[in-house]
Amino acid sequence: MKKTAVLLIAVMMSVLLSSCWSEIEVNEIAIVTASGLDLTEEGKIRLSLLLAIPRLFGTGSAQGGGESKLVSSAGWVVSQEGDTIMDITRALQKKLPRQITYSHSRVLIIGNSLAKSGVTRVIDFFERYRQAQLISYIAVSETSALDILNFKPKYEKLSSEVLKSEMAQNLIPSMRVIDFLNLVMSDGVEPYTPLVSITPSQQGGDDSNTNIAVKGIAVFKGEKMIGQLSDKDARGVLWVKNQIHKGIITIDIPNEPGKISAELERVHVKRHVTIEGGKVGITLVIRLNENIYENTSSIDLDSDEGEALIQKQVEEAVKLRIKESSAKVQQQFKSDIYGYGQSVYRRYPKAWNHVFKKQWEEMFPAIEPEIMVKGRIIRSGLTNEAIHPEE
């Protein structure tokens, strides 16, 4: 009996005190920081992986004078063509001495041509594979995904870090893979992604000084990209979706030279849905606070009249941005990226399932949302007076 107890304890200790059976050392893995997917002319899928080179991280930019070569070589792009992501990954694995690991991937870039042909054939892998990071960001490239991954950034050592940092600021549209998948599979709402491109960092500059930037959004209908919106129109979409957290709005003063710029703060958009006479009504109630940080007009910010005039112009500017964006989304693309249909389903599920779901393609472009904006100026900077030189 005693021998049996000792043997049992020995077995339990060998199990509990052993190390993780599946552990892999850092020097045995190839860390994927970004993935890119393109459609080739032959109809194949090209998978590009931006691999981090850990030994080159954390080093200074100067070694022995001049700019270090380490900054431009901290990432390594490998690519392969094939029919499925899993097959391509296996083919790439044969070329690499380390095990490919997707667990630290920050961004998934879809090439323009692939996005237009449909993303279901490639996005399925990232939904099923256990290493894929569903919380990573997704974006469509204006050209090819390989171009974005090959870009050598100035501030960061990897282009994936540039995109992750930009999207995390909430100043531009952003989308995570899991949210994009939910939109693709949901009724009453269509997906969209940020549209990234390599653009000159100086206005009118040449291609020698460039940066990766989000220049709008890619509009989808189902799994296919059907068009794109400019950065200005994309902001109109974010207003409707209550995703404007901060930003700047510049207004013209009627019959006055000069402009006023206000920083937005505590923006909240509430959506109301009604059904009357078989028609869907959408009302957007927008509340926002502003900080006036630039005034090149002669408006006196200390007067009630001046404050009321500015407030009215800010509210009209917000309405105009939403209306201009809606005209393209509803009339040109007819893609419900606002999620109006989903709002109808949540408020009137029976009516949606029995009536509106089947007719939504025709009903969505005809909706004219009522927009109500209520703003409040809470700060006007260090002075209320505009600067005017003495005559």
Side-chain angles (χ1 to χ4, degrees), residues 31-38 47-50 52 85 101-112 114-115 118-142 145 148-149 153 156 158-197 212-226 228-229 231 234-235 237-247 267 269 329 335-339 342-343 346:
I31 300 173
V32 177
T33 64
S35 307
L37 294 165
D38 289 304
L47 171 65
S48 305
L49 302 178
L50 177 57
I85 308 300
T101 304
Y102 287 92
S103 303
H104 298 279
S105 181
R106 308 288 194 192
V107 185
L108 172 62
I109 305 294
I110 308 290
N112 193 279
L114 179 59
V119 298
T120 301
R121 60 185 292 195
V122 295
I123 206 75
D124 184 75
F125 167 82
F126 295 91
E127 183 185 12
R128 297 175 187 272
Y129 194 50
R130 63 179 181 177
Q131 283 188 6
Q133 291 295 301
L134 291 176
I135 61 170
S136 60
Y137 292 103
I138 184 172
V140 168
S141 169
E142 193 174 38
I148 301 297
L149 266 57
E156 309 292 345
L158 297 171
S159 56
S160 56
E161 293 300 317
V162 175
L163 288 170
K164 177 178 174 290
S165 299
E166 287 190 9
M167 294 183 185
Q169 292 184 57
N170 289 325
L171 291 174
I172 57 175
S174 63
M175 180 69 69
R176 295 186 185 271
V177 173
I178 188 170
D179 296 326
F180 181 80
L181 287 169
N182 286 333
L183 294 178
V184 170
M185 294 185 290
S186 299
D187 290 329
V189 62
E190 300 289 351
Y192 68 92
T193 69
L195 185 70
V196 298
S197 68
I212 298 178
V214 175
K215 60 175 299 184
I217 61 175
V219 180
F220 282 71
K221 187 102 174 182
E223 63 154 346
K224 295 183 179 180
M225 174 184 168
I226 59 171
Q228 62 186 64
L229 292 174
D231 185 55
R235 298 283 293 177
V237 174
L238 297 186
W239 275 105
V240 177
K241 295 181 73 70
N242 191 26
Q243 292 179 0
I244 290 285
H245 303 292
K246 51 188 175 181
V267 180
V269 182
V329 171
S335 175
D336 187 6
I337 56 177
Y338 297 136
Q342 201 166 71
S343 296
R346 289 174 178 170

Please give me the minimum heavy-atom distance between [X] and [Y], naming the atom from each residue.
X	Y	value
L149	S48	CD2-O, 3.4 Å
R121	G118	CG-O, 4.2 Å
G188	D336	O-OD2, 3.1 Å
L229	V237	CD1-CG2, 3.7 Å
F220	V140	CZ-CG2, 3.9 Å

For this session: Applying side-chain contact (heavy atoms from CB on, under 4.5 Å), run through I217 and L195 and close with a yes or a no.
Result: CA-CA 5 Å; I217 61 175; L195 185 70; 5.7 Å; no
Exercise. Checking side-chain contact (heavy atoms from CB on, under 4.5 Å) for the pair I148/L50: CA distance, chi angles, key distance, verdict?
Worked result: CA-CA 10 Å; I148 301 297; L50 177 57; over 6 Å; no
Exercise. Given the rule in the side-chain contact (heavy atoms from CB on, under 4.5 Å) test, do M225 and I110 qualify, once you have shown the distances and angles that lead to the verdict?
Worked result: CA-CA 11 Å; M225 174 184 168; I110 308 290; over 6 Å; no
Short side-chain to backbone donor-acceptor contact, [X] and [Y], under 3.5 Å:
X	Y	answer
E190	G222	yes
E223	V119	yes
K241	G339	no
S160	V107	no

For this session: Carefully, step by step, assess F126 and F180 under the rule ring-ring contact (aromatic ring centres under 6.0 Å, His included).
Result: CA-CA 12 Å; F126 295 91; F180 181 80; over 10 Å; no
Exercise. Do L49 and Y102 have side-chain heavy atoms sitting under 4.5 Å apart?
Worked result: yes
Exercise. Is there a side-chain contact between D38 and L114, using heavy atoms and a 4.5 Å cut-off?
Worked result: no
Exercise. How far apart are the C-alpha atoms of S35 and L108, what are their side-chain angles, what is the distance that settles it, and do they pass the side-chain contact (heavy atoms from CB on, under 4.5 Å) test?
Worked result: CA-CA 5 Å; S35 307; L108 172 62; 3.9 Å; yes
Problem set entry | Inter-residue atom distance I212.CD1 - S197.OG, 0.5 Å rounding | 9.0 Å
